Amino acid sequence: MRRHYFLDEYCIIAAERGKRPTDFKHGGTLDRSDPKTCPFCPGNEELTPQAVAVYTEDGIHADGEERVKNWWARSFLNLYPAMTPSPKPPTKEWVADFARGFHEVIVESPDHESDPSKFGPLDLERLVSVYKDRYIHYISQEGVEYVSIFKNWGRVAGASLSHTHTQLVALPLVPPVLIREMEAITSAPRCPYCSLVEREATSDRLIFENEGFVLIAPFCSMVPYETWIIPKKHASDLEGLDSGDLAQVLGEVLRRLDRLLSGPPYNYTIRQLPDRRYHLNIRIQPAISTMAGFEKNTGIFINTVPPERAASELREV
Ligand SMILES: [Zn+2]
Ligand SMILES: [Zn+2]
């Protein structure tokens, strides 16, 4: 058993010997709904709020009364938002602040059956460019301090609809986890992520790299087969990053996880700040283990797959 930490995160690596990737039983992601009633499918655009950005071959539009057709991605405010632009006043004294913000759903493909692990280079590049576009749109707005972009794939990972989509929540505050990370970063002699990229380039936790990015199994992996995408050159957010290189490495990790773990549910989350001291990173966590009492009590994760083994299996798959 080893204790690992990075910045303010802790995990315990307790390898269960002999456990194979196929031993991680998960329900898969194949609870496909009917495209006829799917609000994310072409033809059903009226079932969603008007899209604020519709990406088409001839540019980006916004829905009017008439919905824009022939799109390859569209983004609209969530019907059941966690945050709203004009919240009702709090009604109980425990509510300390308004949940003011924006909550968008990005449908990144018109194809009901499409699976991000099967996306081609063009789909991936479009996906990354939409993230970048929506991020820049919100982060420049008055009152927005953080833009959370995340994907839940599969019901157990939190996706309530099977049609591939990403969510974006623009917050009026920097989340505590990022504040703690920034404290650790500013008190370090140099950027911990830059050091990490340098160190992991030659380590047995490296899975894949291209010109712009490394893909690693982090030393402090909270869940089995967790991976991080980190830009090699210091960059704080999506704005200054090369979409092509990022699209390639994202495609690599999704394909490798799909093959190794037979189509696992997963979450990926983009951590970024409009603060030059921060170093963007994308964390991909298969949803194949349970967050139970110990994790909830301590915030420390027990992971049964050492990152070196995860990396080696993901390299070879
Ligand atoms: Zn659909
Ligand atoms: Zn850095």
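Atoms within a ligand are numbered from 1 in the order they appear, just like the ligands themselves. Just so we're clear, the structure is a prediction, and the values are computed from it rather than from any experiment.
When distances from the Zn ion (ligand 1) to the N, O or S atoms of H163 are compared, ND1 comes out shortest. Counting just the N/O/S atoms of H112, the one with the shortest distance to the Zn ion (ligand 1) is named ND1.
Ring planes of H279 and H234: perpendicular class, angle over 60° (limits at 30 and 60°).
L314 has its side chain within reach of T227: a pair of non-hydrogen atoms, C-beta onward, lies under 4.5 Å apart.
The Zn ion (ligand 2) has C191 SG, C194 SG, H234 ND1, H279 ND1 as its protein N, O or S neighbours under 2.8 Å.
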Legend entry - salt bridge (Lys or Arg N to Asp or Glu O under 4.0 Å) evaluation trace for E239 with K132: CA-CA 6 Å; E239 194 164 3; K132 200 165 162 173; over 6 Å; no
Inset, instruction - Apply the test ring-ring contact (aromatic ring centres under 6.0 Å, His included) to residues Y138 and F102: give CA-CA distance (whole Å), side-chain angles for both, the deciding distance (0.1 Å), then the verdict. - result: CA-CA 9 Å; Y138 279 111; F102 301 89; 5.1 Å; yes
Inset, instruction - Show the numbers, then the answer: is there a side chain to side chain contact (heavy atoms under 4.5 Å, CB included) between L178 and Y278? - result: CA-CA 9 Å; L178 269 289; Y278 195 68; 3.8 Å; yes
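A salt bridge between D123 and K118 is absent, with no side-chain N of the basic residue lying under 4.0 Å from a carboxylate O of the acidic one.
Counting only N and O atoms by type, the side chains of E313 and Y225 include a donor and acceptor under 3.5 Å apart.
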